[in-house]
Each structure stands twice: as C-alpha cells, then as structure tokens.
A.B. asks: 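Sharing a structure with you now.
Quick note: residue numbers are just sequence positions, from 1. Source: prediction; values computed, not measured.
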Amino acid sequence: MNEPQITLASASPRRAALLRQIGIKFEVKPSDILERQLVAECPEDYVQRLARTKAAAVQHDSLPALGADTIVVRDGQILEKPNNRNEAINMLQLLRGARHRVLTGVCLYDGQKEQCVLATAEVVFRDITSVELERYWNSGEPVDKAGAYGIQGLGAIFIAGICGQPSTVAGLPLVETNQLLCDFGVDVWRHREAMYLKRTHD
C-alpha cells in the first residue's frame, strides 16, 4: 500500500512536500548532475534539459522518475541558487520592485517513454529595503533557492502579485505534474481519500 509510485530525482524538501500534498507516494534519489547553461541555450530549453537529465540519471526498474528544475529570469538574466551572501543580495536587489518570471521544467521518464512540460509564472516583488534584504539573508532561507527567495517561506512577504501557480514558483507545478503522472498510468487518486480522512481525524 505504501510502495512508492515514482522516484523523485531531487533532495528538495519543497518538491517532496508538494508531492505529499497531492497524495503521491515516492522514493527520493537525488541526482548529481552538472547544472550549467549551454552557449546560446534559452532559459526555457535549459530548465527542461536539466529536468530530463535528472530524471534519466536516477530512473531504475520500471518506476517512473520525476526530474524538475526551477530558475528565475529577470530581463533575460537567469538567477539560480546563490553561492554566497553577495550573490543573494545582488539577486534580490534585481528583483525588488520589479516583475520577473519563474520557469519550472518537469520531466517523467520510465526507461522507455519520456515526457517533459514547462510551467511559467510571473511574480512581482514589492520594494524591499536594504535592511530587509540583509535580515532575510541572515534567516538562512535564500541559500538553496533559485532567485534567492522562497515563496513557501519568509520570501512570501516580498511578493506583491503573482500570475500563475504558486507551486510553479515553489518548484513543482502541480497541475502539470498531476497530468504527467496520469499520462504515465500512475494512479494519482490511490492514496488521496485515505490521506484526506487521516487529516480530518487528526
């Protein structure tokens, strides 16, 4: 009953939480791939290529592997995870008071069939003071987040508006992911009723 339905090619706690939210059982097997944009590769192709590569790197047996990657794009510039404080502060300074795009590529691969989707959300940041940026960095949250912020955490206080799915910004667009799972024959409703009943009795 609790056997995994897919392999998640990510150690991201946000993606794991989103899969749990929609009642999907999974095993975690992080991929270890080089994440580097190719020359002349557009952001849309880049994020989908990484998702495909991650899924292919961990797929085993007949279990479908789910790979995903998220990037933030501001005026054509890709903002991935910051390597240090200066990078994080610079990214947040670029985003404050402005609009940017968040791209998440998702791929499901079962050893024979591969299917990828791209989800996009537009996010608008309010103006953020320099003191807020420093204190946000000191919270530790920006360290492992594309664009140096997390919508599911403290970073939500910076978001003045969003067009698209919040789950796309968090790292796993649930509408597209659910459809991918259905296309691969995963019984997405198998655990949902039991999950709901458990929540109502807790």
A.B. asks: Measure across A65 and A55 and return the closest heavy-atom pair with its distance rounded to 0.1 Å.
C.D. replies: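 Of all heavy-atom pairs spanning A65 and A55, the closest is CB-O, 3.4 Å.
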A.B. asks: Side chains of R190 and Q5: closer than 4.5 Å at any heavy-atom pair?
C.D. replies: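 R190 vs Q5: side chains touch.
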A.B. asks: Residues two or more places apart in sequence or in another chain: which of them pass ring pair (Phe, Tyr, Trp, His ring centres under 6.0 Å) with Y136?
C.D. replies: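 Listed in chain order: F158.
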A.B. asks: Would you please test R96 and D127 for side chain to side chain contact (heavy atoms under 4.5 Å, CB included) and show each step?
C.D. replies: CA-CA 5 Å; R96 65 182 178 185; D127 195 19; 4.0 Å; yes
A.B. asks: Are V28 and L18 linked, directly or through other ILVMFWY residues, by side chains that come within less than 4.5 angstrom of each other?
C.D. replies: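 Same cluster: V28 reaches L18 through Ile, Leu, Val, Met, Phe, Trp or Tyr contacts under 4.5 Å.
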A.B. asks: What pair of heavy atoms forms the shortest contact from L92 to A148, and how long is it?
C.D. replies: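 The answer is CD2-O, 3.7 Å.
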A.B. asks: Report yes if the side chains of T70 and V47 come closer than 4.5 Å at any heavy-atom pair, otherwise no.
C.D. replies: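 Counting from C-beta outward, T70 and V47 never come under 4.5 Å.
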A.B. asks: Going by ring-ring contact (aromatic ring centres under 6.0 Å, His included), name the pairs with one or both residues in residues 40-77, residues two or more places apart or in two chains.
C.D. replies: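 Passing the test, one end in residues 40-77: no pairs.
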A.B. asks: Please check if any side-chain donor atom of E141 sits under 3.5 Å from a side-chain acceptor atom of S139, or the reverse.
C.D. replies: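 S139 and E141 do not have a side-chain donor-acceptor pair below 3.5 Å.
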A.B. asks: In the structure I gave you, are the side-chain heavy atoms of L108 and P64 within less than 4.5 Å of one another anywhere?
C.D. replies: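 Yes. Closest side-chain heavy atoms under 4.5 Å.
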A.B. asks: Could you work out, with side chain to side chain donor-acceptor pair (under 3.5 Å) as the rule, every residue matching T168, not counting sequence neighbours?
C.D. replies: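 Not a single residue meets the side chain to side chain donor-acceptor pair (under 3.5 Å) criterion with T168.
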A.B. asks: Return the OG1 to CD distance between T120 and E44, rounded to the nearest 0.5 Å.
C.D. replies: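 It is 6.5 Å, given to the nearest 0.5 Å.
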A.B. asks: Whether the side chain of N90 engages the backbone of N86 through a donor-acceptor N/O pair (distance < 3.5 Å, no angle test) should be reported.
C.D. replies: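 Side chain of N90 to backbone of N86: a pair is present.
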A.B. asks: Which heavy-atom pair separates I89 from L133 by the least distance, and what is that distance?
C.D. replies: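 Smallest heavy-atom distance, with atoms named: CD1-O, 3.6 Å.
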A.B. asks: Treating Q59 as the side-chain partner and D61 as the backbone partner, does any N or O pair qualify as donor plus acceptor under 3.5 Å?
C.D. replies: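 The answer is yes, because a donor-acceptor pair under 3.5 Å joins these two groups.
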A.B. asks: Is there a path of hydrophobic side-chain contacts, each under 4.5 Å between heavy atoms, that joins L174 and V102?
C.D. replies: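 No, separate clusters.
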A.B. asks: How would you list all residue pairs meeting salt bridge (Lys or Arg N to Asp or Glu O under 4.0 Å) that involve residues 63-86, not counting sequence neighbours?
C.D. replies: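 Listed by first then second residue: K54-D69, R85-E134.
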A.B. asks: Would you name the heavy atoms of P173 and V106 that are closest together and state the gap between them?
C.D. replies: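 That closest heavy-atom pairing would be CD-CG2, 3.6 Å.
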A.B. asks: Show every donor-acceptor pair shorter than 3.5 Å between a side-chain atom in residues 112-119 and any protein atom, with sequence neighbours excluded, or say none if there are none.
C.D. replies:
residue: K113; atom: NZ; partner: D183; partner atom: O; Å: 3.1
residue: Q115; atom: NE2; partner: D183; partner atom: OD2; Å: 3.0

A.B. asks: Please list, chain by chain and in numerical order, all residues satisfying side-chain contact (heavy atoms from CB on, under 4.5 Å) with A51, sequence neighbours excluded.
C.D. replies: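 So A51 forms a side-chain contact (heavy atoms from CB on, under 4.5 Å) with C107.
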A.B. asks: Could you tell me which residues satisfy side chain to side chain donor-acceptor pair (under 3.5 Å) with R99, sequence neighbours excluded, listed by chain and number?
C.D. replies: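 R99: side chain to side chain donor-acceptor pair (under 3.5 Å) contacts with E122.
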A.B. asks: Apply the test side chain to side chain contact (heavy atoms under 4.5 Å, CB included) to residues L181 and I6: give CA-CA distance (whole Å), side-chain angles for both, the deciding distance (0.1 Å), then the verdict.
C.D. replies: CA-CA 9 Å; L181 294 170; I6 63 170; 3.7 Å; yes
A.B. asks: From Q48 CD over to T53 OG1, what is the distance, rounded to the nearest 0.5 angstrom?
C.D. replies: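 Reported value, rounded in 0.5 Å steps: 11.5 Å.
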A.B. asks: Hey, any chance I157 and I162 share a hydrophobic cluster, counting ILVMFWY side chains that come within less than 4.5 Å of each other, even indirectly?
C.D. replies: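 Same hydrophobic cluster.
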A.B. asks: According to side chain to side chain donor-acceptor pair (under 3.5 Å), who are the partners of N83, at least two apart in sequence or on a separate chain?
C.D. replies: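 Listed in chain order: E87.
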A.B. asks: Under the criterion side chain to side chain contact (heavy atoms under 4.5 Å, CB included), I'd like the reasoning laid out for L8 against L19: C-alpha separation, chi angles, the key distance, then a yes or no.
C.D. replies: CA-CA 9 Å; L8 175 60; L19 284 175; 4.0 Å; yes
A.B. asks: R15 vs T177, test: side chain to side chain donor-acceptor pair (under 3.5 Å). Steps then yes/no.
C.D. replies: CA-CA 11 Å; R15 294 193 178 107; T177 299; over 6 Å; no
A.B. asks: Show your reasoning for whether side chain to side chain contact (heavy atoms under 4.5 Å, CB included) applies to T7 and L66.
C.D. replies: CA-CA 6 Å; T7 298; L66 187 149; over 6 Å; no
A.B. asks: What heavy-atom pair brings G147 and L95 nearest, and what distance separates the two atoms?
C.D. replies: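 The answer is O-CD1, 3.6 Å.
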A.B. asks: Could you tell me whether the side chain of E41 and the main chain of L38 form a donor-acceptor pair under 3.5 Å?
C.D. replies: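 Such a contact is found between E41 side chain and L38 backbone.
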A.B. asks: Looking at N138, I want to see if its CG is surrounded by more than 12 non-hydrogen atoms of other residues, nucleotides or ligands under 6.0 Å.
C.D. replies: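 Check passes, neighbour count above 12.
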A.B. asks: Under the ring-ring contact (aromatic ring centres under 6.0 Å, His included) definition, can you give me all pairs with a residue in residues 81-122, not counting sequence neighbours?
C.D. replies: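 The answer is H100-F125, H100-Y149.
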A.B. asks: Would I151 end up clustered with I78 when hydrophobic side chains under 4.5 Å apart are linked, directly or stepwise?
C.D. replies: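 No; tracing contacts between hydrophobic side chains, which count when under 4.5 Å, never links both residues.
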A.B. asks: Would you indicate whether the side-chain heavy atoms of W137 and V143 approach each other to under 4.5 Å?
C.D. replies: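 Yes, close enough: below the 4.5 Å cut-off.
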A.B. asks: Taking atom CZ of R135 as the centre, does the number of heavy atoms from other residues, nucleotides or ligands within less than 6.0 Å exceed 12?
C.D. replies: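 For R135, atom CZ is not crowded (no more than 12 foreign heavy atoms under 6.0 Å).
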A.B. asks: Do L79 and Q77 come close enough that some side-chain heavy atom pair is under 4.5 Å?
C.D. replies: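 Yes, at least one pair of side-chain atoms sits under 4.5 Å.
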A.B. asks: When rounded to the nearest 0.5 angstrom, what distance separates NE2 in H191 from CG in D187?
C.D. replies: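 It comes to 7.5 Å.
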A.B. asks: Who are the side-chain contact (heavy atoms from CB on, under 4.5 Å) partners of N178, not counting sequence neighbours?
C.D. replies: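 Checked N178 against side-chain contact (heavy atoms from CB on, under 4.5 Å); matches are C182, V188, R192.
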A.B. asks: Sequence neighbours excluded, which residues qualify as side chain to side chain donor-acceptor pair (under 3.5 Å) partners of T129?
C.D. replies: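 With neighbours one apart ignored, the set is E132.
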A.B. asks: Should side-chain heavy atoms under 4.5 Å link Ile, Leu, Val, Met, Phe, Trp and Tyr, which residues sit in the same cluster as V58?
C.D. replies: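 Taking Ile, Leu, Val, Met, Phe, Trp and Tyr as members, V58 stands alone, with no cluster partners.
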A.B. asks: For the residue pair R14 and D144, establish whether any side-chain heavy-atom pair is separated by less than 4.5 Å.
C.D. replies: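 Result yes, sub-4.5 Å side-chain heavy-atom pair found.
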A.B. asks: Are I71 and R101 packed together at the side-chain level, in the sense that at least one heavy-atom pair is separated by less than 4.5 angstrom?
C.D. replies: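 Not in contact.
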A.B. asks: Is the side chain of S31 donor-acceptor paired with the backbone N or O of I33 at a distance under 3.5 Å, no angle test?
C.D. replies: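 The answer is no, because no donor-acceptor pair under 3.5 Å joins these two groups.
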A.B. asks: How long is the straight-line distance from CD1 of I24 back to CH2 of W189, given to the nearest 0.5 Å?
C.D. replies: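 Those atoms lie 10.0 Å apart.
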A.B. asks: Which atom names give the shortest non-hydrogen contact between A98 and L94, and what distance separates them?
C.D. replies: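 It is CB-O, 4.1 Å.
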A.B. asks: Would you say M91 and V73 are hydrophobically clustered, going by side-chain heavy atoms of ILVMFWY under 4.5 Å?
C.D. replies: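 No; tracing contacts between hydrophobic side chains, which count when under 4.5 Å, never links both residues.
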